[in-house]
Amino acid sequence: MSAPARPSSAAAPPGSASRAPLTFDRGHTDDLMSFLAASPTPYHAVANAAARLEKAGFRQVAETDAWDGTYGGKYVLRGGAIVAWYVPEGAEPHTPFHIVGAHTDSPNLRVKPRPDSGAHGWRQVAVEIYGGPLLNSWLDRDLGLAGRLTLRDGSSVLVDVDRPLLRVPQLAIHLDRSVSSEGLKLDKQRHLQPVWGLGNEVRDGELIAFLEQEAGLTSGSVAGWDLMTYPVEPPAYLGRDRELVAGPRMDNLLSVHAGVAALVAAASGAALTRIPVLAAFDHEENGSQSDTGADGPLLGTVLERSVLARGGSFEDRARAFAGTVALSSDTGHAVHPNYAERHDPTHHPRVNGGPILKVNVNNRYATDGSGRAVFAAACEKANVPFQSFVSNNSMPCGTTIGPITAARHGIRTVDIGVAILSMHSVRELCGADDPFLLANALTAFLEG
């Protein structure tokens, strides 16, 4: 993975339009595209993140083992979540943390407990809607199937059928003449079940038997599964000058990828005054309430155990948390050229304009004035421009893991991200420069 550039020593005021941006590193965005393609599910995303951390010298620690207070990089894997941190030499038990938070899940179509279905000579797979996808973007797409298979002994293996396997066929306009005048109307139960073959007889167990073969497993060895469909079309540069990137799951693997790059760069850089942390959670798209979600105990447990493993007390834990800051990094909305009226008239974030600072006074985002100062300082150090985002007062505002992190752990949190178009579509769109700029800002923040 291409590491972010070291920040320039000369920087203009934060958010300044006149500041010269960093030279764009195409290698970072190339690597992001590879990461997106290799991470069709949260389980694959954290496995790929862990492999990159291992290459940089981090080591996995098991939650069931006793932890030691040694220095260096460590990480915990739990399902579709990963928490990684680097303890520099000389760190005290009360040394605060600097945390980059993100999430690994994206809206999609997920396989039901009884997946084998069909009608009228078509074999189909029964799916459930996960999160809030743009449903029309899933129509007439070549879909693969990937996820986690749990075996009878309790172990699990990853599976990825990375080829056109399924398709949700749209009804022809000749059979739905009203679609042009009244718009497309999709019933989530009836209209989104993909086809994957032909046959007049539904055979229970057929899909899982097929996946056992794909994964090289013994027939009948799978006892449970967490499977999801995904578009097999790879990410691609777009535009006359290739200044845009189109691809799947940017919300929010773009932030996960940048966070991994930033943590590796921070761990190999200058002397650290904080303990840098990456926390990439699952289940943000449906509320974060799980043992691998931001509203669960995972992050707090890891941070507290790190303090205690270094000989700390409850008082050290309290001191460390009081000085801790988290950046909740998630994608946000770039101004849409066809729907500019949906945005706040004085806040129009543009792609390739640098990361965005997300603000909502009703606490849908966790940013306040002191948080803005933290992010501004990181961007200034990294010589990265940034923009501000606030919702149109007439439109509801989305939310992130930011307010959850702040409320659950008592940690000062700032909401940031990269501005994109087509959020929650099968293929989202971002500026080709912005992932690199985000990674540099995150590196500067993690370095303290």
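- Ring planes of His348 and His343: perpendicular class, angle over 60° (limits at 30 and 60°).
- Between the side chains of His103 and Asp251, a donor-acceptor pair is found at a separation under 3.5 Å.
- The closest donor-acceptor contact from the side chain of Arg110 to the backbone of Tyr130 lies at 3.5 Å or more, if one exists at all.
- Between Arg408 and Ser288, the side chains place no donor N or O within less than 3.5 Å of an acceptor N or O (distance only, hydrogens not considered).
- For the pair Val202 and Gly118, the tightest heavy-atom approach, listed with the atom from each and the gap, is CG2-N, 3.9 Å.
- Counting heavy atoms from C-beta outward, Asp291 and Arg78 have side chains that approach closer than 4.5 Å.
- To the nearest 0.5 angstrom, Ile401 atom CD1 is 8.5 Å from Thr413 atom OG1.
- The side chain to side chain contact (heavy atoms under 4.5 Å, CB included) test with Tyr86 is passed by exactly one of Val264, Leu272, Leu446: Leu272.
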Worked check of side chain to side chain contact (heavy atoms under 4.5 Å, CB included) between Val125 and Leu165: CA-CA 11 Å; Val125 174; Leu165 181 69; over 6 Å; no
Evaluation steps, side chain to side chain contact (heavy atoms under 4.5 Å, CB included), between Arg123 and Glu206: CA-CA 10 Å; Arg123 279 201 173 93; Glu206 185 176 33; 3.0 Å; yes
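- Taking 4.5 Å as the limit, every side-chain heavy atom of Val76 sits out of range of all side-chain heavy atoms of Thr301.
- For the residue pair Arg141 and Glu233, the shortest heavy atom distance occurs at NH1-OE1, 3.3 Å.
- Between Glu212 and Val222 the shortest heavy-atom distance is OE2-N, 3.0 Å.
- The backbone N or O of Glu243 sits nowhere less than 3.5 Å from a side-chain atom of Asp241 that would complete a donor-acceptor pair.
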Derivation of the side chain to side chain contact (heavy atoms under 4.5 Å, CB included) call for Ile416 and Leu438: CA-CA 9 Å; Ile416 65 160; Leu438 174 66; 4.0 Å; yes
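- Met395 CE to Glu341 CD: the interatomic distance, rounded to the nearest 0.5 Å, is 9.0 Å.
- Across all non-hydrogen atoms, the minimal contact from Ser329 to Gly417 is OG-CA, 4.2 Å.
- Under 3.5 Å, the side chains of Asp31 and Thr29 contain no donor-acceptor pair of N or O atoms.
- Looking only at side-chain heavy atoms (C-beta outward), Val374 and Arg412 come within less than 4.5 Å of each other.
- Taking each heavy atom of Gly144 and Leu166 in turn, the nearest pair found is O-CD1, 3.9 Å.
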Criterion salt bridge (charged side-chain N to carboxylate O under 4.0 Å, His left out) on Asp204 and Arg114, from CA distance to verdict: CA-CA 8 Å; Asp204 286 338; Arg114 294 189 62 186; 3.4 Å; yes
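- Of all the heavy atoms in Ala378 and Ala441, the pair that sits closest is CB-O, 3.9 Å.
- Taking a 6.0 Å sphere around CH2 of Trp225, one finds it holds more than 12 heavy atoms contributed by other residues, nucleotides or ligands.
- One finds the OG atom of Ser422 at 10.5 Å from the CZ atom of Arg427 (value rounded to the nearest 0.5 Å).
- Residue Asn108 is tested with Met228, Glu285, Arg249 for a side chain to side chain contact (heavy atoms under 4.5 Å, CB included); the sole match is Met228.
- For the pair Arg152/Thr218, no side-chain contact is recorded, criterion being any heavy-atom separation below 4.5 Å from C-beta on.
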Test side-chain hydrogen bond (donor to acceptor under 3.5 Å, both in side chains) applied to Asp415 and Thr400, step by step: CA-CA 8 Å; Asp415 270 295; Thr400 67; 2.6 Å; yes
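- Aromatic ring pairs are classed by plane angle as parallel below 30°, tilted from 30° to 60° and perpendicular above 60°; the pair His98 and Phe445 is parallel.
- Salt bridge status for Arg364 with Asp330: absent, with no side-chain N to carboxylate O gap under 4.0 Å.
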Residues Tyr230, Asp160; criterion side-chain hydrogen bond (donor to acceptor under 3.5 Å, both in side chains); working and verdict: CA-CA 10 Å; Tyr230 70 94; Asp160 181 9; 2.5 Å; yes
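- Taking 4.5 Å as the limit, every side-chain heavy atom of Ile404 sits out of range of all side-chain heavy atoms of Thr399.
- Exactly one residue among Val157, Leu77, Val159, Leu158 makes a side chain to side chain contact (heavy atoms under 4.5 Å, CB included) with Tyr43. That residue is Leu158.
- Judged by the 6.0 Å distance and 45° axis criteria, Arg26 is positioned over the aromatic ring of Tyr237.
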